[in-house]
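One structure below.
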Number of protein chains: 2
Amino acid sequence: MSDTDIFKVLADPTRRAVLERLASAELTATELREGFAISQPAMSQHIAVLRGAGLISERREGRFAHYRVAPEGMAPLHKWLAKYRAFWPSRIDNLKDLLKEMDQ
Amino acid sequence: MSDTDIFKVLADPTRRAVLERLASAELTATELREGFAISQPAMSQHIAVLRGAGLISERREGRFAHYRVAPEGMAPLHKWLAKYRAFWPSRIDNLKDLLKEMDQ
DNA sequence: ACGACTCATAAGTTTGTGCTTATGTATCCG
DNA sequence: CGGATACATAAGCACAAACTTATGAGTCGT
C-alpha cells in the first residue's frame, strides 16, 4: 500500500468516520451504515476500499460481515509523518506524559 | 484546515515530494521544479495548494518566492493519528528511544 | 422451497482534480 | 525604456472518484 493510496483512502470523510466508529467497537456493514445518509452499495464500496488499504479487517459469520480497525494498516502513515518528527518539539511533552501514563 | 483537506493535499505524490525537498532546504519555485517532469504552472498550483493548507510558508524576495516547510501545518494530521494511539504499543519503544535521543 | 435479509458487484452519471497552453503581473538588468 | 526572468492566474480538457439504481450471490427462518 503506497503512501499515495493511504492518503487517498483517508481523504474521504465517510471512510474516516467509519474508522472512528470501528475504533470503539466491531460492527457489521449494516450497523455501520446507521447515521450515514448513504446507500448500501456506497457503504459497501467504502468498506472495500478500507479493506483494500489494510485499514480494517473482516470476520465473516453467516451472512454478516463484522469489521474492525486494523491499526497496523496505519503504519505507512506513521512512517511518513515520522520523517517530519524533527519539527515535533512542541509535542514532545505530551508524548512524555503519554509514556508515563502507559508505564503505570 | 479540515482533516479532509489535509489528507487531500497530501494524497498527491508531487506535493509530498515537494514537502520532502523543502524539509532539508528552503527553495524557490523554479528550484523546486528541477527534477519534476511538470510545467511551471502545475508546480505553481501545487505550491498554492500546499500554502493554502498551511503546510509551507513563503518568503518573498524581489521576483523570487522562497518556500519552506511549515511543520505546524501537520498538526491536524498528528491529532487525527493520535486518536488511534491506543494501537501503538509496538511503537512505544521506538518513541522512548527517540525521546532519549532528544533529551541529549 | 421460498421469501426476507446481508452484502457485493455492475453500469452509468456527476463532480472534482491535475494537467496543459496562453496570458498577466511584477521585478531585474543592460 | 525594453527584454528577460520569476511566478501567478485563466480557461479548457482528460481522467479519477464517489454516488446512484439495478441486480447478483449467499445465508437464514418458516
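All chains are named by letter (A, B, ...) in the order of the sequence lines, taking the proteins before the strands, and each is independently numbered beginning at 1. Bear in mind that the values here come from a model prediction, so they are computed numbers and not experimental data. Atom set for the values below is all heavy atoms of this structure, side chains included, hydrogens, waters and symmetry mates excluded.
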In this structure, how many angstroms lie between the P atom of D:dA6 and the NE2 atom of B:His66, rounded? 11 Å
When the distance from CD of B:Glu58 to P of D:dA6 is rounded to whole Å, what number comes out? 16 Å
Could you give the distance from CG (B:Leu55) to OH (B:Tyr67), rounded to the nearest 0.5 Å? 14.0 Å
In short, salt bridge (Lys or Arg N to Asp or Glu O under 4.0 Å) pairs touching residues 45-61 of chain A with sequence neighbours left out are A:Glu26-A:Arg59, A:Arg51-A:Glu58, A:Glu58-A:Arg60, A:Arg59-A:Glu61
Report all side-chain donor-acceptor pairs from residues 29-41 of chain A shorter than 3.5 Å, counting only partners two or more places apart or in another chain.
| unit_1 | atom_1 | unit_2 | atom_2 | d |
| --- | --- | --- | --- | --- |
| A:Glu31 | OE1 | A:Thr28 | N | 2.9 |
| A:Glu31 | OE1 | A:Thr28 | OG1 | 3.4 |
| A:Arg33 | NH1 | A:Ile38 | O | 2.6 |
| A:Ser39 | OG | A:Ala42 | N | 3.3 |

What string of B, S and - do you get for nucleotides 18-30 of chain D, 5' to 3', when a contact is any protein heavy atom under 4.0 Å? SBBBB----BS--
Does any non-hydrogen side-chain atom of B:Val18 lie less than 4.5 Å from one of B:Leu27? no
Just how far is it from atom CG of B:Leu81 to atom CH2 of A:Trp80, taken to the nearest 0.5 Å? 11.0 Å
Should the ring pair A:Phe7 and B:Phe7 be called parallel, tilted or perpendicular, given that the plane angle runs from 0 to 90° and is split at 30 and 60? tilted
If I take atom CG in residue B:Leu32 and atom P in nucleotide D:dA8, what distance separates them, rounded to the nearest angstrom? 11 Å
What is the distance, rounded to the nearest whole Å, between atom CD of B:Glu34 and atom P of D:dT5? 15 Å
Would you say the side chain of B:Ile6 lies within less than 4.5 Å of the side chain of B:Lys79, judging by non-hydrogen atoms? no
Mind checking B:Arg51 for me? I need base, sugar-phosphate or nothing, with any heavy atom below 4.0 Å counting as a touch. nothing
Not counting sequence neighbours, list each pair that qualifies as a salt bridge (Lys or Arg N to Asp or Glu O under 4.0 Å) and has a residue in residues 5-24 of chain A. A:Glu20-B:Lys83
Nucleotides bounding contact with chain B, strand DNA chain C, heavy-atom threshold 4.0 Å: C:dT17 to C:dC28
